[in-house]
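Pasting a structure here, questions to come.
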There are 2 protein chains.
Amino acid sequence: MKAEVLKGHLEGMLLAVLESGEQHGYAIVEELKSRSGGHITLPTGTVYPALHRLETAGLIAGRWSVHGGRRRRSYTLTRAGNRALSEQRSSWREFADVVSGVLGVEPA
Amino acid sequence: MKAEVLKGHLEGMLLAVLESGEQHGYAIVEELKSRSGGHITLPTGTVYPALHRLETAGLIAGRWSVHGGRRRRSYTLTRAGNRALSEQRSSWREFADVVSGVLGVEPA
DNA sequence: GTCTATACATAACGTCGCTACCTATCGGCA
DNA sequence: TGCCGATAGGTAGCGACGTTATGTATAGAC
């Protein structure tokens, strides 16, 4: 997966992963890897700042906990996060249709 | 259409527009607007630098001409540009499938 | 004892689309 | 005569954000 194509789509995917329930950063990376069939392997330097942005924006809420001696920060979707997720979904649809149309590939 | 989502997809679309034949920058903007159903209206500060990048990369070839007293720079796809376009198409397909999968929207 | 997996973090960097602005010609309209 | 909108091209500076590189720390395996 080429680098910059993620721009603007990453945060929606993070929200989508969190929709199934509370998860911590490291687990989100693993989950995203499996959901994408191995195509998306995010460096931690990408995902942690992104989570901080989402939390600052009020789309997710984080809390610290400890498991097996290791600290974790686990996140859940806020109500605003849920709204943002459905907006992301519909704008992704629109975007994908437009790009597919211009590129002349049948819309997936 | 939100801003940065274009990142990494713009150049492929420019190549796609040029696939139908030689066109100049201003006409490309209009063509893109119509092909996208009005969803993509590129500012000239976006498209001209992008065309310069594509030309520098050897994916398109430009030449000056004059029509009705106005100068134009018209571009055509090079062989490398054609290759790049089909690569863009297949990587777009892959990307779109992956994102749709993660977001949980049926692939268009 | 060293290595790998787990878990989080941040500084510096590069890319690239956008905003804002500039130059210039032509045709229409007042 | 003068202004405006469409046509046609250009650049400087900015900002957003994903990446690279690096650092900290614990647990378990070998």
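The figures here come from the full heavy-atom set of this structure, side chains too, leaving out hydrogens, waters and symmetry mates. Computed from a predicted structure; not experimentally measured. All chains are named by letter (A, B, ...) in the order of the sequence lines, taking the proteins before the strands, and each is independently numbered beginning at 1.
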Give the rounded distance in Å between these two atoms: CG of B:L6 and P of D:dA16.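 The distance from CG of B:L6 to P of D:dA16 comes to 17 Å, rounded to the nearest Å.
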
So if I take every side-chain heavy atom of A:R72 and compare against D:dT19, D:dA8, C:dA7, which nucleotide ends up nearest?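 The answer is C:dA7, which lies nearest to the side chain.
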
Is it true that A:E22 and A:R72 make a salt bridge, defined as a side-chain N closer than 4.0 Å to a carboxylate O?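 No.
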
To the nearest angstrom, how far is B:I40 atom CD1 from C:dG17 atom P?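 My rounded result for the distance is 12 Å.
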
Validation row: B:L32, B:T41 side chains within 4.5 angstrom (heavy atoms):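 They are not in contact (no side-chain heavy atoms under 4.5 Å apart), so the answer is no.
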
Before you tell me yes or no, could you show the steps for A:R63 and A:E55 under salt bridge (Lys or Arg N to Asp or Glu O under 4.0 Å), namely the whole-Å CA-CA distance, both residues' side-chain angles and the distance that decides it to 0.1 Å? CA-CA 11 Å; A:R63 64 178 184 87; A:E55 189 174 14; over 6 Å; no

Hey, could you give me the CD1/CD distance between A:I60 and A:E11, rounded to the nearest 0.5 Å?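 Here the rounded value is 9.0 Å.
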
Distance-only donor-acceptor test, B:T44 side-chain atoms vs D:dA8 base atoms, 3.5 Å: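 Check fails, no donor-acceptor contact within cut-off.
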
Salt bridge flag under 4.0 Å for residues B:E87 and B:R83: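 Between B:R83 and B:E87 there is no salt bridge, as every charged N stays at least 4.0 Å from the carboxylate O atoms.
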
Sub-4.0 Å heavy-atom contacts from residues 22-32 of chain B onto DNA chain C, ordered by number: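 Of all residues in residues 22-32 of chain B, none places a heavy atom under 4.0 Å from DNA chain C.
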
Starting at CG of A:L51 and ending at P of C:dT10, how long is that distance when rounded to a whole Å?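 From A:L51 CG to C:dT10 P: 12 Å.
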
For B:Y48 and D:dG10, is the shortest distance between a side-chain N/O and OP1 or OP2 below 4.0 Å?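 Checking D:dG10 against B:Y48, no side-chain N or O comes under 4.0 Å of OP1 or OP2.
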
With a cut-off of less than 4.0 Å, is there a side-chain N or O of B:T46 near OP1 or OP2 of C:dC18?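 Result: yes.
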
From NE2 of B:H67 over to P of C:dG27, roughly how many Å is that when rounded to an integer?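 For the pair B:H67 NE2 and C:dG27 P, the rounded distance is 15 Å.
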
Spacing of B:K7 atom NZ relative to D:dC17 atom P, expressed in whole Å: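 To the nearest whole Å, that distance equals 10 Å.
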
Using the rule side-chain contact (heavy atoms from CB on, under 4.5 Å), only one of A:V99, A:D97, A:V98 pairs with B:S36; which is it?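 Answer after filtering A:V99, A:D97, A:V98: A:V98.
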
Nucleotide-resolved protein contact map, nucleotides 25-30 of chain D, B/S/- at heavy-atom distance under 4.0 Å: -BS---

Please give, in whole Å, the distance from D:dC17 P to B:H9 NE2?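 The answer, rounded to whole Å, is 15 Å.
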
Rounded to whole angstrom units, what separation is found between the CG atom of A:L42 and the C1' atom of C:dC8?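 For the pair A:L42 CG and C:dC8 C1', the rounded distance is 15 Å.
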
Judged by atom type as modelled, is there a donor-acceptor pair below 3.5 Å linking the side chain of B:T46 to the main-chain atoms of B:L42?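 No, because the side chain of B:T46 does not come within donor-acceptor range (under 3.5 Å) of the backbone of B:L42.
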
Side chain of A:T78, backbone of A:G58: donor and acceptor closer than 3.5 Å?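 Judged by distance alone, yes, a pair lies under 3.5 Å.
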
Atom CZ of A:R53 and atom P of C:dC8: how far apart are they, to the nearest Å?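 Whole-Å distance recorded here is 17 Å.
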
Contact class for B:H52 vs. all strands (heavy atom < 4.0 Å): base, sugar-phosphate, or nothing?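 Sugar-phosphate contact only.
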
Test your reading of the model: is there a side-chain donor-acceptor pair from A:R89 to the backbone of B:L103, 3.5 Å cut-off?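 Such a contact is found between A:R89 side chain and B:L103 backbone.
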
